[in-house]
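First the structure, in the form of structure tokens, and then the observations on it.
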Amino acid sequence: MRFQYMPFLWFFFSMALGIVVADLFPFDFYISFFALIIILLIFAGFQALKFKIDSTVLKIQFIFPLLIFFQLGQTLYLFENPNNDIYHVENQYLVGDKVMVEIEAISKTAGAYKKCEVEAKFIIRYKDTVPTRGKILMFLEDSTSKLQRKQICIVNAELTKIGNNQNPGEFDSQKFWKHKSIQNSAFVAEDQFIVVGKSDWEIMDLFIGLREKFASILDTFLKGDENAVAKGLILGDRSSIDSEITRKFGNTGAMHVLAVSGLHVAILVQILTLIFGLFSKWISKNQALILALIIVWIYSALTGLSSSVVRSALMFTVLAGSTLSGRKYNGFNSLALSAVLILVWNPHFLFDIGFQLSYLAMVGIFLFNKHLSVLFYTKFKWIQLAWEGTMVGIAAQIMTVPLTLYYFHQFPNYFILTNLGLMVFSFLVLALGIALFAIAWWNPLAKAVAFLLFWTMFAMLWIIDFVDSLPGAVSNGFVLQFWEVAFLFAVIIVFYWSLIKQKIKVLQPVLVICILWIGLLVSDRFQRMNHSQICFFQANEPTFVVQHGGQNFCFYANRNKNPKKAKYVAEAFQKMYPGMLHYFEISANRNTEIKLKKGFIKIEHLKGGYEIKLKGKSYFLATSDEHAATKSKIIYSPWLANKKLENQLAFGSIQFDL
């Protein structure tokens, strides 16, 4: 892998390393900026001087571009760091201040509160108005549904740091929002904010307005889950999709279908190729390529410019440029170029799970797809296409499995079956969606297209339901450390190298290592499945799980008997400790008793909390400072935080082995 053949691959690794270093060891932005300027000046000086061909300086000067991109990654990341910006809301806000904000994005929610990403404009402190900037996550009460993007609001609510509950398997929301440049949040009642105006029009408002228009067309012709999933698949709007649908797509390995990604851009290019092929007498290949390029970028902007869509659009742009200029197309170099451009645009994308999985999937396809596709051939076109599509999925999965297990602790066992079934439907849904938008003005024909779209969506969701209902559809309990992920990627790369170079002596030990590692991983999963423990969660209501004999018994105190909040933490727990989940509401009954194969679980509602007895041990979950606990081990609910007390859920979940 010489530098001159794939320079952007080297540039990407250098830039990514700089971003990671800046994230781990943040320092002053100006120091990093001046270091970048100095390196650029030194490099320019070497370029201006003339060296002999055999000069040592000439041979090693390729290091300077790597240093430039390393320093560029650091500088761009530090530029986004609130600590380096004295005007950032993080450094300006004091308790009691009012904040003037602009609503940038609104997510639909089931309740009266709308999740909004806002940009801070001014801090109002008594009679002073202080300019500020920075994003905030706000949950604004909107019972009348009058909130809109671009509205300017004055908010009088306390900002709090976004943190994690430290529950097993739970999503790292703090890290997620940090890399969206958001570190504070606020819950704002209707009487705590007023709308005072609307911001000026911007170019992206055109695309957002188009997306909202297309979404309203889908709302007119489709209903229920079919409508919600269609908006997610076609427009990238997942706000209406039920959490159960999202869970099923994740369990079946089809999340890339649910969210607009590079797959959808590839399908769009195929659709455009078919359409332009009908007009080949009037449109030349180069003209068709330029038109397709324009439409792809419009679609990318329309769907929100996610990292995977931008990656695909950039790669298509490089491919189109190579075709138009008659130059050779290098897939790996183009992939790396798109990654560098995205990181220049927003260095935080490096930590985005979608960014990581999207690029790793493409690496897997580039490395393994051509070697897998040739393993089978048939003259039957549709069977061959199905085989090739399946091999693309397997090639992508080879490189994404380590990160999938690391982040989600689960593996969809029937992902091949799911992807085989959804290949055709993804194409049809996007094609029918485009057709519906084009002829929505003609109601009779629009209804006919919407009818076809509805049944296509129905069939797609049926496949998802069917695969999800199969025994062993998903395997939970895979917990990897970061060094294991790095080791796995190293094994995969060595495996590929030994396969291509036909190094049998290297290939055999690599295969043995893979088999041993899989054995250890399965063994660890088996131990987690058969672990016995009680886990108390940091939650807004008393919630705990007893794991015993391959069963997870979740107990929660909710007088409405709604296990929604309990399900969130219990299902996350189950990803790390698999077992059959059972839910029991305990606040309505004074005593709850569950018989086990060996022993029982007895829960008694006493003054100030709940006493739990099982396997000869006793625990007391205190919900009040005045409680009736005696000899039990006391666990204090999050709202009873006291630095002098032990076993406080305010600092995270607490687990005890049984």
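The first residue in the sequence is number 1, and the count goes up from there. Just the heavy atoms: all of them, side chains too, but no hydrogens, waters or symmetry mates, feed the values below.
- Summarising the local packing, CZ of Phe466 is surrounded by 12 or fewer heavy atoms from other residues, nucleotides or ligands at distances under 6.0 Å.
- Here the CE atom belonging to Met391 is positioned 3.5 Å from the CD1 atom belonging to Ile394, to the nearest 0.5 angstrom.
- In terms of modelled atom types and a separation under 3.5 Å, the side chain of Ser373 and the main chain of Lys370 share no donor-acceptor contact.
- A donor-acceptor pair is defined here as one N or O able to donate and one able to accept, closer than 3.5 Å; no such pair exists between the side chain of Asn476 and the backbone of Pro578.
- There is no side-chain donor-acceptor pair under 3.5 Å between Lys146 and Gln151.
- Phe478 has its ring centre no less than 6.0 Å from the ring centre of Phe411.
- Salt bridge present: Asp468 and Arg247 bring a charged side-chain N and a carboxylate O closer than 4.0 Å.
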Could you give me the CA-CA distance, side-chain angles and deciding distance for Phe11 and Met15, then say whether side-chain contact (heavy atoms from CB on, under 4.5 Å) is met?
CA-CA 6 Å; Phe11 295 159; Met15 192 173 183; over 6 Å; no

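- Thr317 and Trp297 form a side-chain donor-acceptor contact under 3.5 Å, judged by distance and modelled atom types alone.
- When atom types are taken as modelled, the side chain of Asn552 and the backbone of Ala570 share no donor-acceptor pair closer than 3.5 angstrom.
- For the atom pair Ser173 OG and Lys178 NZ, the distance stands at 13.0 Å (nearest 0.5 Å).
- In this structure, Leu274 CG and Gln270 CD are separated by 7.5 Å, a value rounded to the nearest 0.5 Å.
- Remark: side-chain polar atoms of Asp205 are paired, donor with acceptor, to backbone N or O of Glu202 under 3.5 angstrom.
- Closest of all the heavy-atom pairs between Phe415 and Gly393 is CE1-O, 4.2 Å.
- Proximity of Val118 to Cys153: side-chain heavy atoms (C-beta onward) are nowhere separated by under 4.5 Å.
- Across all their heavy atoms, Val344 and Leu76 have their closest contact at CA-CD1, 3.8 Å.
- Aromatic pair Phe279/Phe276: ring centres not closer than 6.0 Å.
- The closest donor-acceptor contact from the side chain of Ser338 to the backbone of Leu335 lies under 3.5 Å.
- None of Arg149, Lys135, Lys150 except one satisfies the salt bridge (Lys or Arg N to Asp or Glu O under 4.0 Å) rule with Glu102; the exception is Lys150.
- The closest donor-acceptor contact from the side chain of Tyr359 to the backbone of Ala339 lies under 3.5 Å.
- Applying the side chain to side chain donor-acceptor pair (under 3.5 Å) rule to pairs touching residues 339-351 yields His179-His348, sequence neighbours excluded.
- Judged by distance alone, the side chain of Ser334 and the main-chain N or O of Val318 form no donor-acceptor pair under 3.5 Å.
- In this structure, a donor-acceptor pair under 3.5 Å is present between the side chains of Tyr407 and Gln356.
- Listed by first and then second residue, the side chain to side chain donor-acceptor pair (under 3.5 Å) pairs that reach into residues 452-464 come to none, sequence neighbours excluded.
- Judged by distance alone, with hydrogens and angles left aside, the side-chain atoms of Gln384 form a donor-acceptor pair with the main-chain N or O of Thr378 at under 3.5 Å.
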Give the C-alpha distance, both sets of side-chain angles, the deciding distance and a yes or no for side-chain contact (heavy atoms from CB on, under 4.5 Å) between Ile241 and Phe249.
CA-CA 11 Å; Ile241 299 175; Phe249 270 83; over 6 Å; no

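- Looking at Asp142, its side chain never comes within 3.5 Å of a backbone N or O of Tyr113 through a donor-acceptor pair.
- In Phe376, the CZ atom is crowded: over 12 heavy atoms of neighbouring residues, nucleotides or ligands sit closer than 6.0 Å.
- Between the CG atom in Leu432 and the CZ atom in Phe454 there is a gap of 13.5 Å [rounded to 0.5 Å].
- The heavy-atom pair separating Leu405 from Gln410 by the smallest distance is CD2-O, 3.6 Å.
- A distance of 9.0 Å separates CD1 of Ile439 from CG of Asn443, quoted to the nearest 0.5 Å.
- Aromatic ring orientation, Phe355 versus Phe12: tilted (interplanar angle from 30° to 60°).
- In this structure, NZ in Lys213 is found 11.5 Å from CG in Leu218, a value given to the nearest 0.5 Å.
- Salt bridge status for Asp465 with Lys248: present, with a side-chain N to carboxylate O gap under 4.0 Å.
- Between the side chain of Asn167 and the backbone N or O of Phe537, no donor-acceptor pair lies under 3.5 Å.
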Please step through side-chain contact (heavy atoms from CB on, under 4.5 Å) for the pair Phe207 and Ile298, ending with a clear verdict.
CA-CA 8 Å; Phe207 299 107; Ile298 291 174; 4.2 Å; yes

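- Side-chain contact between Ile152 and Val195 is absent, with no heavy-atom pair separated by less than 4.5 Å.
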Would you list the atom pairs, donor with acceptor, under 3.5 Å between side chains in residues 286-294 and any protein atom, with sequence neighbours excluded?
residue, atom, partner, partner atom, Å
Gln287, OE1, Ser284, N, 3.1
Gln287, OE1, Ser284, OG, 3.3

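- At least one side-chain heavy atom of Asp219 sits under 4.5 Å from a side-chain heavy atom of Lys231.
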